[in-house]
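Below: one structure, written as structure tokens.
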There are 2 protein chains.
Amino acid sequence: MTSSKNDKNTRTTGRPTLNEVARLAGVSPITASRALRGISSVAIELAEKVRVAAADLNYVVNPAARALASAQSHSVVVLVPSLSNLLFIDTLEAIHAVLRPKGFEVLIGNFHYSRDEEENLLRNYMAYQPRGLLLTGFDRSESSRRMIETSNVPCVYMMELDAAEGLNCVGFSQLKAGETAARHLISRGRRRLAYIGAQLDQRTLLRGEGYRRALQEAGLYNPDLEVLTPRPSSVGLGGELFLQLLASHPQVDAIFFGNDDLAQGALLEAARTGIKIPEQIAVLGFNDLPSSEFMVPRLSSIRTPREAIGRRAAEQMLTLMAGNKVANPVQDMGFELMVRESS
Amino acid sequence: MTSSKNDKNTRTTGRPTLNEVARLAGVSPITASRALRGISSVAIELAEKVRVAAADLNYVVNPAARALASAQSHSVVVLVPSLSNLLFIDTLEAIHAVLRPKGFEVLIGNFHYSRDEEENLLRNYMAYQPRGLLLTGFDRSESSRRMIETSNVPCVYMMELDAAEGLNCVGFSQLKAGETAARHLISRGRRRLAYIGAQLDQRTLLRGEGYRRALQEAGLYNPDLEVLTPRPSSVGLGGELFLQLLASHPQVDAIFFGNDDLAQGALLEAARTGIKIPEQIAVLGFNDLPSSEFMVPRLSSIRTPREAIGRRAAEQMLTLMAGNKVANPVQDMGFELMVRESS
DNA sequence: GCACGCCAGGACAGCGCTACCTTAGTGACT
DNA sequence: AGTCACTAAGGTAGCGCTGTCCTGGCGTGC
């Protein structure tokens with residue numbers, strides 16, 4: 001019953017500590033710490049000794065202790081609006097691929113296209129004292145914005161571009177993408193062009209805006225042919241809206257869809273109901289999902305650099321976290337029009 | 001230059017601490033800690049006072065300090081083999097939905113169907129002293145297995161069932177699902193049944209095994225009609241394998257696909273090449289992705305309870321983390337045959 | 001040859017929280 | 001009335017690491 005000093009204290013984790021590594025290497029704990037963090041002021045032989053000792057003991061740092069002592073974590077928070085289509089998965093994977101090898105932990109938050117949910121996630125994750133913030137777009141609540149600003153945590157915005165002073169962003173011009181879509185369809189001789197968008201996030205709206213502008217320029221704009229719904233984008237919804245639009249406006253001869261899944265749904269309903277694509281209606285999608293090129297007919301789409309955006313954003317974040325200024329804070333990763341059979 | 005005691009120490013986070021909350025509430029720090037953790041031994045009025053003080057100061061716990069002091073984190077690690085199809089997204093979302101409100105942080109690892117990668121992720125994430133492990137299936141490297149066992153971290157296995165002693169698992173019988181698929185196609189009068197599977201993960205193999213058994217039972221098994229490839233499942237691959245199988249075995253009259261995306265690809269190629277589905281060939285998919293019911297023809301599939309598995313697994317995990325035994329460690333969540341036009 | 005600056009390495013303290021033990025106060029039972 | 005169990009609250013110490021001094025030894029320049 002008498003608890004002696006040698007009792008195994010249950011509060012410890014049982015794993016080797018930096019102290020033990022240091023003892024084994026014959027150096028002080030702080031030197032071991034510096035050696036393992038790759039701080040250059042440690043002699044090469046000493047650092048090597050420490051590394052060997054750490055390997056021997058199978059030592060892994062305790063991230064909690066490190067975070068507490070240094071008042072900063074090694075985690076980076078990524079907030080995306082959705083995981084239900086593959087768009088953001090590619091981006092997330094790329095971010096992981098860049099940050100994980102550098103020892104950063106990636107915390108993913110899905111805010112389901114909801115400003116409130118984003119704000120909540122932000123508030124929650126701020127507790128972890130993240131080293132960086134990777135956010136999607138610029139559309140968010142005022143308090144989210146304030147939280148980001150006052151936190152002083154470096155932040156990179158993905159998917160959209162914004163020339164605002166001091167913002168780091170990696171994306172492409174959604175507006176130009178919409179324009180490109182319109183010009184392509186017009187160049188195919190189409191004159192009664194529609195736009196079908198769902199979700200109504202900032203980017204969908206911007207694409208619609210670009211599309212509209214190009215149509216207005218060409219004198220072809222007809223507000224009746226703009227179908228927008230806040231419902232989440234899906235194959236089923238695409239088919240539904242497609243049939244709906246055709247029922248009310250049978251003269252439509254081209255449709256730009258704000259998302260490939262919508263366009264795929266339209267192609268499927270067209271096949272089901274015998275509507276000829278592209279003869280009767282040209283169809284253009286957006287994002288170029290992997291399955292789009294296998295549709296019947298093969299879906300034309302605008303390919304977006306999702307993987308590249310994630311990679312570049314993560315690289316910018318590394319620069320920022322190292323305390324450096326990013327040379328080129330606004331990175332336009334472009335997009336590519338993939339012309340296939342449907343247009 | 002003289003640094004007085006009142007200098008803002010840069011090592012602090014600048015955020016309010018539990019001490020300040022306690023002072024404001026007029027209690028000791030430890031009482032504040034207990035109150036905020038909902039430990040019952042704190043008087044209700046005191047707890048309320050603490051809660052008010054915390055809200056006033058906008059206090060959020062420092063997870064690093066908490067993890068360090070208690071030698072355990074609040075994070076749960078989830079390892080999934082893929083994020084590139086929607087399968088695991090539903091499960092992940094459900095897990096999040098259960099664990100986040102309880103204050104747990106969910107760390108997601110994607111091991112891309114690679115045992116080595118899973119082992120690496122496991123090793124890495126173990127450093128965070130996770131409170132729980134949610135893993136996919138039972139197929140993993142010996143060292144992964146050892147790591148899990150020696151870590152003593154509670155673990156729930158998802159997607160498959162296993163009656164092994166002491167394992168907590170939530171899933172459904174992949175074997176029975178394969179059998180159900182075969183019986184359904186046979187009941188449709190088909191006699192030359194093929195199986196097309198990709199990825200060759202344990203679950204795909206088990207489904208194939210169930211399918212094979214049912215065919216053998218019916219005296220219809222033909223090993224030539226089993227197409228297996230380690231390539232990752234995708235719509236494009238499905239179309240490719242479908243055409244390949246038909247070229248070598250034109251007499252096939254039904255195909256069970258190990259995954260809906262494969263089946264979708266087959267339907268699309270069938271449409272492209274004029275093969276009549278289901279007249280010439282009945283097609284059955286697996287997983288019932290949201291888009292499957294909109295295919296032309298509408299794809300029959302086996303609906304898997306992905307969301308329910310995630311939810312239930314997370315609930316089991318909560319029980320385990322609370323230190324309790326799970327009443328029913330093996331949870332069969334079943335599956336549902338969705339008969340549509342393609343079969 | 002001496003003062004100076006510089007650098008590798010170490011001592012020390014503390015990050016914010018919670019486990020453990022102790023104490024004061026309450027009621028129940030003999 | 002006195003003892004005992006029990007509960008609520010606090011004191012103390014320390015989780016494992018790193019920031020901030022500080023020391024001692026070396027090289028450099030006049």
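Values reported hereafter were calculated over all heavy atoms of this structure, with side chains retained and with hydrogens, waters and symmetry mates removed. Note on naming: letters A, B, ... go to the chains in the order of the sequence lines (proteins, then strands), and numbering restarts at 1 for each one.
Counting only distance, with no hydrogens or angles, the side chain of A:R66 and the backbone of B:A64 share no donor-acceptor pair below 3.5 Å. With A:R145 contributing its side chain and A:R140 its backbone, the two residues share a donor-acceptor pair below 3.5 Å. Between the side chain of A:S28 and the main chain of A:A22, no donor-acceptor pair closer than 3.5 Å is present. Under the 3.5 Å distance criterion, the side-chain polar atoms of B:S73 are left unmatched by any main-chain donor or acceptor of B:A67.
Of all the residues in residues 16-30 of chain A, A:T17, A:L18, A:I30 reach under 4.0 Å from DNA chain D with at least one non-hydrogen atom. Within residues 41-61 of chain A, the residues approached by DNA chain C to less than 4.0 Å at the level of any non-hydrogen atom are A:S41, A:V42, A:A43, A:L46, in residue-number order.
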For nucleotides 23-28 of chain C, tabulate all protein N/O to nucleotide N/O atom pairs closer than 3.5 Å, reporting atom names and distance.
none

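Straight-line distance from the CG atom of A:L36 to the P atom of D:dC17: 9 Å, rounded to whole Å. We find that OH of B:Y128 is positioned 16 Å from C1' of D:dG16, with the value rounded to whole Å. One can place CD1 of A:I39 at 12 Å from P of C:dA8, the figure rounded to the nearest angstrom. Atom CD in A:Q72 sits roughly 11 Å away from atom C1' in D:dT18 (whole-Å rounding). The nearest whole Å value for the distance from the CG atom in A:L68 to the C1' atom in D:dT18 is 10 Å.
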Starting from the C-alpha separation in whole Å, work towards a yes-or-no answer on side-chain hydrogen bond (donor to acceptor under 3.5 Å, both in side chains) for B:S33 and B:R37. CA-CA 6 Å; B:S33 167; B:R37 278 182 294 159; 3.0 Å; yes
Pair A:R51-A:E48, salt bridge (Lys or Arg N to Asp or Glu O under 4.0 Å): steps then yes or no: CA-CA 5 Å; A:R51 233 168 287 129; A:E48 186 53 29; 2.6 Å; yes
Begin from the C-alpha positions of A:R311 and A:E315 and carry the test salt bridge (Lys or Arg N to Asp or Glu O under 4.0 Å) through to its verdict. CA-CA 6 Å; A:R311 189 161 12 90; A:E315 286 163 358; 5.0 Å; no
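The aromatic rings of B:Y125 and B:Y128 sit tilted relative to each other, their planes meeting at an angle between 30° and 60°.
At least one side-chain heavy atom of A:F104 sits less than 4.5 Å from a side-chain heavy atom of A:L318. For the pair A:L167 and A:Y157, the minimum side-chain heavy-atom distance is below 4.5 Å.
Of all heavy-atom pairs between B:M317 and B:P154, the closest is CE-O, 3.5 Å. Scanning all heavy atoms of the two residues, the minimum distance from B:V170 to B:M333 falls at CG1-CG, 3.7 Å.
Contacts of B:R37 with the nucleic acid, taken as non-hydrogen atoms under 4.0 Å apart, involve only primed sugar atoms and P, OP1 or OP2.
Sorted by first and then second residue, the salt bridge (charged side-chain N to carboxylate O under 4.0 Å, His left out) pairs with a member in residues 93-109 of chain B form an empty list; sequence neighbours excluded.
Between B:S33 and C:dC17 there is no side-chain N or O to OP1 or OP2 distance below 4.0 Å. Contact between the side-chain N/O atoms of B:T31 and the OP1/OP2 oxygens of D:dG10 is found at a separation under 4.0 Å.
Judged by distance alone with a 3.5 Å cut-off, a donor-acceptor contact links the side chain of A:R34 to the base of C:dG10.
You'll find that the side chain of B:N62 is closest to C:dG16, out of C:dT18, C:dG10, C:dG16.
For B:S141, the side-chain hydrogen bond (donor to acceptor under 3.5 Å, both in side chains) partners at least two apart in sequence or on another chain are B:E119, B:S144.
Two end axes, each from the C1' atoms of five base pairs, can be drawn for the helix from C:dG1-D:dC30 to C:dT30-D:dA1; they diverge by 40°, to 10 degrees.
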